[in-house]
Structures are given as C-alpha cells and as structure tokens.
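All values below were derived from every heavy atom in this structure, side-chain atoms included, with hydrogens, water molecules and symmetry-related copies excluded. Bear in mind the structure is a predicted one, so any value in this text is a computation, not a measurement.
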Amino acid sequence: MLSFQVLRRLCLFGVTKPVCHGRVISACGLKTSTVNHSHGQPYPVSVVTYEQLKAMLANHSVQLFDVRNPDEFQAGRIPDSINIPLGQLEESLKLPPQQFQLQFKVKAPQKEDDNIVFHCRSGKRSLSALEIAHRLGFSKARHYAGGYIDWEEHEKK
C-alpha cells in the first residue's frame, strides 16, 4: 500500500496534488487508505481486489462478511457472504465461537485468520468494519474496497 508521502513524491512533477477524502488519499490515479489504531496512529489497509476475491471464493478460502443492512443483502449479494450489519459487527465478533456459529451458521473467525474480508456497497462501511475488527485484534482482516457495486460491474462483463 502506498503512503501519502509516496503519493506526494510521485506527483511532485505532475499536475495533480494528493487529495485526502476522509480516510482515502488519492493522487495521480493511485489510492491508499488508512485506518486509525485505538492509539490514533494510522496504518495502511490491506485491500482485496475483485480478482483476488474471486480466486478466494473459488478456492473456498475466504470468510466474507457483508456489513450492509439485511434489505440490501437480500436485494443482491456476493456468493458465500455472511450478512452482519455494521451496527452489529462489534457485538458479533465478541461472541463466543459456539454462539457465533449458531447465529450465523459458519465457523467463527479467529483473531489470527488471514482470510477475513469485509465488504459493503461501495467500501465506506467495510472500512469502518475493518477498523472495528482491527481494534478487536483481527489484525489480518482486509476489505474489498470496491464493494458490491464493483462486484456487480465485473460480473456483468
């Protein structure tokens, strides 16, 4: 992941300057994201691309959590995703493994798992979900920044 300083240096001779949109920084067609630790220090976010997610789904090697509202989930979803609305995510990730499995019908994610991926409609809520997960100790969790919108676009091709 590129840092803001790297983006700024890349654009030193370019026309555009780095622009910060909340937690997403873009410049020269490149983007990076940050999430704040509970100590307030930002760190780069591990983003999953459409191609990576597609491969993970084909290999059954992903725990994909959709943090949209249930009505959005029912209207269309990425296969094998589990719906945990953002407002319920923290409470759900704190559940004992057996209770999580009973409630969501899948194995509970473990803090050391490196195949946890969050997604939403466009990437904003999944970034918030990632922040919650990292704060709870799921430090290898990632997010699909393009969200369901990006998924649908690719699937139509």
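- Put simply, Leu130 and Val48 are part of two different groups of oily side chains (I, L, V, M, F, W, Y) that touch within less than 4.5 Å, one to the next.
- Remark: Lys94 engages Glu90 in a side chain to side chain donor-acceptor pair (under 3.5 Å) (not counting sequence neighbours).
- More than 12 heavy atoms of other shown residues, nucleotides or ligands fall within 6.0 angstrom of atom CD in Glu112.
- Formation of a donor-acceptor pair under 3.5 Å by the Asn59 side chain with backbone atoms of Ala55 is found in this model.
- The closest side-chain heavy-atom distance from Pro85 to Gln88 is below 4.5 Å.
- For the salt bridge (charged side-chain N to carboxylate O under 4.0 Å, His left out) condition, no pair includes a residue of residues 101-111, sequence neighbours left out.
- Residues satisfying the side chain to side chain donor-acceptor pair (under 3.5 Å) criterion with Asp114, sequence neighbours excluded, are absent altogether.
- Between Ala141 and Ala133, the shortest heavy-atom contact is CB-CB, 4.3 Å.
- Side-chain contact check for Leu53 versus Leu64: some heavy-atom pair is nearer than 4.5 Å.
- Scanning for side chain to side chain contact (heavy atoms under 4.5 Å, CB included) contacts around Gln99 gives Leu95, Pro96, with sequence neighbours left out.
- Listed by first then second residue, pairs satisfying side chain to side chain donor-acceptor pair (under 3.5 Å) with a partner in residues 147-157 read Tyr50-Glu155, Lys54-Glu155, Tyr144-Asp150, Asp150-His154, not counting sequence neighbours.
- Between atom CG of residue Leu93 and atom CD1 of residue Ile132 there is a gap of 8.0 Å, rounded to the nearest 0.5 Å.
- The ring-ring contact (aromatic ring centres under 6.0 Å, His included) analysis of residues 74-112, with sequence neighbours excluded, yields the pairs Phe100-Phe104.
- For residues 64-84, the set of pairs meeting the salt bridge (charged side-chain N to carboxylate O under 4.0 Å, His left out) definition, not counting sequence neighbours, comprises Asp66-Arg68, Glu72-Arg125.
- Applying the side chain to side chain donor-acceptor pair (under 3.5 Å) rule to Thr49 yields the partners Gln52; only residues at least two apart in sequence or on another chain are considered.
- Each of Arg142, Gln63, Glu51 was compared with Met56 under the side chain to side chain contact (heavy atoms under 4.5 Å, CB included) criterion, and only Arg142 meets it.
- A heavy-atom distance below 4.5 Å is found between the side chains of His143 and Val47.
- Across all their heavy atoms, Ser81 and His119 have their closest contact at CB-NE2, 4.1 Å.
- Cluster membership for Leu136 and Ile116, using ILVMFWY side-chain heavy atoms within less than 4.5 angstrom, is shared.
- Scored by the side chain to side chain contact (heavy atoms under 4.5 Å, CB included) test, Ala129 finds Val67, Leu86, Leu89, Phe118 as partners (sequence neighbours excluded).
- The hydrophobic cluster containing Leu127 does not contain Val117, counting ILVMFWY residues as joined when their side-chain heavy atoms lie under 4.5 angstrom apart, directly or transitively.
- Not a single side chain to side chain donor-acceptor pair (under 3.5 Å) links Asn83 to another residue, sequence neighbours left out.
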